[in-house]
There are 2 protein chains.
Amino acid sequence: MTEISRNAAQEGGQPGRIGIGLELDATHLKILEVLRENGRISVAALAERVGISRANAYTRFEALRADGAIKRFTAEIDHVRTGLGITALIFVTVRQQMWRQFRAQLAAMPEVEYCAITTGQHDAMIQVRMADVAAVHAMVTERLANIPAVKATETVFILDEVLKRPYVLPSDRGPGRSPRRPADPAAAPGGEVPLGKMRFVGAAEGRAQLQQDV
Amino acid sequence: MTEISRNAAQEGGQPGRIGIGLELDATHLKILEVLRENGRISVAALAERVGISRANAYTRFEALRADGAIKRFTAEIDHVRTGLGITALIFVTVRQQMWRQFRAQLAAMPEVEYCAITTGQHDAMIQVRMADVAAVHAMVTERLANIPAVKATETVFILDEVLKRPYVLPSDRGPGRSPRRPADPAAAPGGEVPLGKMRFVGAAEGRAQLQQDV
DNA sequence: GTTGAAATTAGTACGAA
DNA sequence: TTCGTACTAATTTCAAC
């Protein structure tokens, strides 16, 4: 199993869940489009905006939820108002064989909003929201650096969040484009993935650990 | 105005909006905590979970919305289900004096889920969701590279999203800690921001442009 | 998959503490 | 401010088509 295919499989939810539960049609995508802008809309109003009956809307809404296509509903807040107006990205190099510990420590850090394992120069990217710059510094030097699994960190501040969409959909690129296909079929002639043309940054030492540890 | 203070001011919403509209108390934060997990909860159920009356819950709920502390409600979806299971980060170096154009072009890219201006080696970070690796390649080489404002890019793939919280709150770190204060007051003795101790990556050439262009 | 009517629940307005 | 209650409007459910 390659790293990327593994990612695709486990992002779905429970381990072992491989099959595609629900085949999403254009109506499902339209529902997701509306829900993206207004997650609290009533199902009745949703039905009207999508152009289907209420009963149909209830059925599909429930199906999307039950299938896991919709994970949950949430709010979007203004972090300045809540006093956490400073956002930082922390790129982390993780020590070999310590991925499990690294993940466990992350769960105990409520100030972390997002963490992703990445290819490239670093192993993971963490996004944190803090009250001020000093708090970011304290977090990196006192909490992150004390984790044995963390070998090195590199901190970058976010000056402005230009764009923040709740999620993107295949239908965003225009109607009629089928999912699970590249935007431009000519980009990968013969079905070959043009990884060689992609510009990767140099891999960190011990990259192969991913296949055994993650 | 420094870069960071500028960020804090404009993240709030409309330009010129500086003052703190609503002073959030513990009850407001508790409401945001519940809404983070279940954005579709009824105000009646919200009132019960927070421990206040329905009328009070309606008042506070509406205040949070009107004030802008709650920007909007949305859903969280499974990108694999929608056929966009590949996530990539693209670090962009932007040409001087072309920030405005760069921002304009971004708005016309629906596949971009997130874009932030950052300090450090690069100028911006873009997160995209795609059907496959080839589509990411096509997007970077055919669409991003064609923007004159884009001087260089560096692409990194996300292998796994370990953590994804809708948002973090000051109350997450435990009750009794007041907002707008560093986690550890001893971290910045005398109120001095310890920027000198923070490990920054080398700044890209033309960094000063930010103050005039952004 | 759709429509319509019943039951339930949500949202509003008001006076009192 | 916050609470409790009564009133109005809307939503969800369930039935038949």
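Each chain gets a letter, A, B and so on, in the order its sequence line appears, and its residues count up from 1.
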Any side-chain heavy atom of A:Glu76 sitting closer than 4.5 Å to one from A:Pro166? yes
Going from CG on B:Asp123 to OG1 on B:Thr118, what distance comes out if it is rounded to the nearest 0.5 angstrom? 7.0 Å
Check the pair A:Leu35, B:Ile77 against side-chain contact (heavy atoms from CB on, under 4.5 Å), reporting the backbone distance first and the verdict last. CA-CA 10 Å; A:Leu35 255 26; B:Ile77 69 164; over 6 Å; no
Could you list the residues that satisfy ring pair (Phe, Tyr, Trp, His ring centres under 6.0 Å) with B:Tyr167, not counting sequence neighbours? none
How large an angle, rounded to 10°, do the end axes of the helix from C:dG1-D:dC17 to C:dA17-D:dT1 enclose when each is built from five base pairs? 30°
Specify the residues of residues 53-65 of chain B, ordered by number, for which at least one heavy atom lies under 4.0 angstrom from an atom of DNA chain D. B:Ser53, B:Arg54, B:Ala55, B:Asn56, B:Arg60
Bounds of contact between DNA chain D and chain B, in 5' to 3' order, using a heavy-atom cut-off under 4.0 Å: D:dT2 to D:dA6
Residue-level proximity of residues 35-51 of chain A to DNA chain C when a heavy atom falls under 4.0 Å: none
Sorted by chain and number, sequence neighbours left out, side-chain contact (heavy atoms from CB on, under 4.5 Å) with B:Ala69 holds for A:Arg81, B:Leu64, B:Asp67
Decide side-chain contact (heavy atoms from CB on, under 4.5 Å) for B:Asp160 and A:Arg103; before the verdict, give the C-alpha distance in whole Å, the side-chain angles of both, and the deciding distance to 0.1 Å. CA-CA 11 Å; B:Asp160 190 14; A:Arg103 284 168 180 262; 2.9 Å; yes
By salt bridge (charged side-chain N to carboxylate O under 4.0 Å, His left out) - contacts of B:Arg40 (at least two apart): none
Do the side chains of B:Arg143 and B:Glu111 get close enough for a salt bridge, i.e. N-O under 4.0 angstrom? yes
Listed pairs under 3.5 Å, donor-acceptor, residues 45-52 of chain B side chains, sequence neighbours left out:
none

Hits for side-chain hydrogen bond (donor to acceptor under 3.5 Å, both in side chains) against A:Arg60, two or more places apart or cross-chain, chain-then-number order -> A:Asp25, A:His28, A:Asn56
Between A:Asp172 and A:Arg36, is the closest basic N to carboxylate O distance under 4.0 Å? yes
Quick one: pull up CD1 in B:Ile158 and CE in A:Met125 and give me the separation to the nearest 0.5 Å. 6.0 Å
Indicate yes or no: at least one non-hydrogen side-chain atom of B:Ile117 is less than 4.5 angstrom from one of B:Trp99. yes
Could you list the residues that satisfy salt bridge (charged side-chain N to carboxylate O under 4.0 Å, His left out) with A:Arg65, not counting sequence neighbours? none
All N/O pairs under 3.5 Å across the protein-nucleotides 15-17 of chain C interface:
none

All side-chain hydrogen bond (donor to acceptor under 3.5 Å, both in side chains) counterparts of A:Tyr114, not counting sequence neighbours: B:Gln127, B:Glu161
